[in-house]
*Asks:* 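My questions will all concern the structure given below.
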Amino acid sequence: MSRQKVALFHDGTSQFCKFNEDSKTYTFILRSTAGSVAGAYICVDGTEVKMNCTRSEGNFDYYEVKLALGSGTVRYHFRTTDGRNQHYYNMFGISDYCSDEWEFELTPGFQTPDWAKGAVMYQIMVDRFYNGDRTNDVYSDEYAYIGKGVSAVYDWYQLPDADGTRQFYGGDLQGVIDKMDYLEKLGIEVIYFNPIFVSPSNHKYDTQDYDYVDPHFGKIVKDGGNLLKNGDVNNQHAERYKLRTTDKENLEASNQLFIELVEKAHKRGMKVIIDGVFNHCGSLNKWMDRDKLYSGNEDYAPGAYETKDSPYHSYFKFSDEKWPDNNSYEGWWGFDTLPKLNYEESEELCQYIIDIGKKWVSPPYNVDGWRLDVAADLGHSQDFNHKFWKRFRKAVKEANPQAIILAEHYGDAHAWLQGDQWDTVMNYDGFMDPVTWFLTGVDKHSDNASPEKLGDAGLFNRTLQYHMSRMQNQSLLVAMNELSNHDHSRFMTRTNKMVGRIGTAGSAAAGENIDKAIFKQGVIMQMTLPGAPTLYYGDEAGVCGWTDPDNRRTYPWGREDMEIMEFYREAISIHKQNQVLKTGSYISLLELKDFIGYGRFDENSAVVTAVNTSDRDMEVSIPTWELGTEDGTEYERLIETYREFYNCGRIKIVQYDGCLRIVVKAKSSVIYRTA
């Protein structure tokens, strides 16, 4: 493609789309090759407006137009003419014909929190991070869950069982407080907690009480009572568990500890995001109370399982009139331990959850946002789902305008990302999937292998471009970019390019044939692609694991892979020290078999990243002129990874004939920045 066509560029970043608060206008900017365009036009919702060339800098002309917009989302593209031919430019680049697909989108007034743009996040599954208070540990047979007594694991380094939902290692919020120095030194800016509310499982995606932190994570000031006898699975006999999780002194003390944790995080400049599981609750939830933990307790109303007269009856959908002990409630995906919440038929439930949304982002808790579990599943129709999240957003943003609303979602989230519902998503489709396929040739669960996708730069770029096109820039820059998390295999394990799960391959195989060169390439991409790089606890220490529950191994305190940890610190530092990697424009620069080169640029600097997945050294010419830099510009190497090690030594090279000419070694990656 000619330089003239490649040079056309626009995106939603502040250097190409500027908002003037005083005049309430947007200035749209289109870049073109100097002298190549006779006329440029923007077409907004079908209306074409002429743009003016306002400046020429180096190789480029810049065309601008200032527009006042309404309140709704606008869709736009550009048209240019050189006097004889015309071209159209949209999210997928330049073409010779006009299409209403892939248009740029902008919702006036839609702003995601600046603190979250490119922020380095750290996901913590509390039970597996660090045990800071042994007095709140779960006892073996303290209660029963899914037909068996729970078990305490006394060896911190023991690997989880294939059926590990009932295993508890003792990690807690005090443990997170104890390790805040570590998180700060690592460079973490945001802590994202998997669910912390009262719940019977170790993962806590089956909420028992949305109003309180689980005392097993918090504080137990009032303790005692019997454990279950061997073989007993009747939780009415679980006296100690009842006291620990229903007594208001324990609950209030646990909330207070969480308040202290957030305050300590904020003093260090760290934000805190918590997990909201609002599509379903747990069968032990105080509203359902299937195990009668709350029955007869004067502090609680009777549950909907026990009586039709429960004030929570409408919170659930029952198919039969079989009280008491009505087991005919709807379960999410049929799981009776996960009652689906019946929002459409209960305004009281809607308001309760909206109030919960407000409560935790407000004083005295002051959390900085929500991660929403299976958010697209909430309710029984898409129409209701969208209406609910609009209400939720309005309430949360009124309570805390700087709180982020980040949803778990697989697939196209475009309908929720119009500025009136979610801020962004966990970026599975636009980060975890394409990076995993390109670097390893296996999927994010380690369930399927497609070796032909390994090193397929074209597939990587098309996938990235498509999913970036489905998000406005406000959503893209805060999207959660993870290599691993609690639902997928550890990225370190995926580098072995093997297919397996704990039940089929065994735990040991997850650590066999791993390739740290690939891992380091993944980290480099995580720190340089648009979005918020998010570490899953222990990734930086070299933790392996198949998909859950094996991915939920404990953090290996004292047994960390120190080389990987120091490398992660270096990569995080580079990301944080270069604002362009947080908010700059993204552009693909070079696409070859087994090789990608891309750039980030803003008005002040440019960064180039190159990744070679092959087993051979590759000499390449990367067209850095597309980043706005001119011949003679010095670029400085920030970091380079190799098979055996990495190097942070600063080496300078000069752009010549529009390109950086570099050798990218086999299985390596490199970052260069304008000096």
Side-chain angles (χ1 to χ4, degrees), residues 121-130 153 159-173 175-176 183 188 190-197 199-207 214 216-217 272-280 282 332-333 335 337-338 370-375 377 406-410 425-429 431-433 436 443-447 479-494 500-503 507 510 522 526 532-556:
M121 302 187 182
Y122 192 86
Q123 178 183 350
I124 296 178
M125 189 173 180
V126 177
D127 182 61
R128 307 299 164 86
F129 184 62
Y130 186 68
V153 179
L159 300 181
D161 293 339
D163 181 17
T165 304
R166 308 173 199 83
Q167 288 182 300
F168 292 86
Y169 286 74
D172 48 39
L173 296 182
V176 177
L183 296 176
I188 300 306
V190 183
I191 301 171
Y192 153 48
F193 285 109
N194 286 108
I196 59 173
F197 302 135
S199 158
S201 66
N202 52 40
H203 56 71
K204 302 206 176 301
Y205 283 95
D206 41 8
T207 310
D214 194 312
H216 297 97
F217 284 177
V272 176
I273 297 172
I274 58 176
D275 215 317
V277 189
F278 301 137
N279 164 70
H280 56 273
W332 184 57
W333 286 88
F335 292 106
T337 55
L338 302 175
W370 286 99
R371 179 267 189 187
L372 305 173
D373 186 61
V374 293
D377 285 12
L406 187 158
E408 177 193 26
H409 188 74
Y410 296 85
V425 292
M426 303 180 79
N427 201 12
Y428 295 130
D429 298 271
F431 178 80
M432 187 187 283
D433 276 337
T436 293
D443 76 334
K444 58 182 174 287
H445 282 292
S446 296
D447 281 343
M480 185 180 277
N481 287 351
E482 294 188 290
L483 293 168
S484 317
N485 68 14
H486 62 291
D487 283 328
H488 306 94
S489 58
R490 292 273 183 171
F491 184 68
M492 184 66 86
T493 288
R494 265 174 266 151
R501 290 202 174 205
I502 185 175
S507 298
Q526 184 180 41
T534 304
L535 288 69
Y536 182 42
Y537 77 96
D539 269 4
E540 77 280 15
V543 174
C544 296
W546 301 113
T547 200
D548 75 269
D550 198 37
N551 55 13
R552 300 170 183 180
R553 301 181 185 190
T554 53
Y555 185 100

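Numbering of residues begins at 1 and proceeds along the displayed sequence. Bear in mind the structure is a predicted one, so any value in this text is a computation, not a measurement.
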*Asks:* Test salt bridge (charged side-chain N to carboxylate O under 4.0 Å, His left out) on D539 and R490; report intermediate values, then the result.
*Replies:* CA-CA 8 Å; D539 269 4; R490 292 273 183 171; 2.9 Å; yes

*Asks:* Partners of F197 by ring-ring contact (aromatic ring centres under 6.0 Å, His included), sequence neighbours excluded?
*Replies:*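 So F197 forms a ring-ring contact (aromatic ring centres under 6.0 Å, His included) with W360.
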
*Asks:* Dump the intermediate steps for side chain to side chain contact (heavy atoms under 4.5 Å, CB included) on M480 and F431, then the final yes or no.
*Replies:* CA-CA 9 Å; M480 185 180 277; F431 178 80; over 6 Å; no

*Asks:* Is any side-chain heavy atom of W546 less than 4.5 Å from a side-chain heavy atom of T493?
*Replies:*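 Yes; the side chains approach each other to less than 4.5 Å.
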
*Asks:* In this structure, is the centre-to-centre distance between the rings of Y410 and Y428 below 6.0 Å?
*Replies:*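 Between Y428 and Y410, the centre distance is under 6.0 Å.
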
*Asks:* Which heavy atom of L159 sits nearest to which heavy atom of S507, and what is that distance?
*Replies:*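 Minimum heavy-atom separation between L159 and S507: CD1-CB, 3.5 Å.
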
*Asks:* With rounding to the nearest 0.5 angstrom, report the CD1 to CD distance, I188 to E540.
*Replies:*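 The distance works out to 7.0 Å.
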
*Asks:* If we count only N and O atoms by modelled type, under 3.5 Å, do the side chains of Q167 and N202 hold a donor and an acceptor together?
*Replies:* no

*Asks:* Using the ring-ring contact (aromatic ring centres under 6.0 Å, His included) rule, pick out the option among W332, W333, Y205, F335 that qualifies with H280.
*Replies:*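 Answer to the ring-ring contact (aromatic ring centres under 6.0 Å, His included) test with H280 among W332, W333, Y205, F335: W332.
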
*Asks:* Decide whether D443 and H445 meet the rule of one side-chain donor and one side-chain acceptor closer than 3.5 Å.
*Replies:* no

*Asks:* Is any side-chain N of the basic residue among R501 and D447 closer than 4.0 Å to the acidic one's carboxylate O?
*Replies:* yes

*Asks:* When you look at D433 and K444, which way does the side chain to side chain contact (heavy atoms under 4.5 Å, CB included) test go after all the steps?
*Replies:* CA-CA 6 Å; D433 276 337; K444 58 182 174 287; 2.8 Å; yes

*Asks:* For the pair S484 and R494, evaluate side chain to side chain contact (heavy atoms under 4.5 Å, CB included) and give the outcome as yes or no after the intermediate values.
*Replies:* CA-CA 10 Å; S484 317; R494 265 174 266 151; 4.2 Å; yes

*Asks:* Run the numbers on S199 and D206 for side chain to side chain donor-acceptor pair (under 3.5 Å), then give the verdict.
*Replies:* CA-CA 6 Å; S199 158; D206 41 8; 2.5 Å; yes

*Asks:* Does the structure place the NZ or CZ of R371 under 6.0 Å from the centre of the six-membered ring of F278, at an angle of no more than 45° from the ring's axis?
*Replies:* no

*Asks:* Donor-acceptor pair, D172 side chain versus G175 backbone, under 3.5 Å?
*Replies:*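 Confirmed, D172 side chain pairs with G175 backbone.
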
*Asks:* Between D487 and R552, does the salt bridge (charged side-chain N to carboxylate O under 4.0 Å, His left out) criterion hold? Intermediate values first, please.
*Replies:* CA-CA 9 Å; D487 283 328; R552 300 170 183 180; 3.7 Å; yes

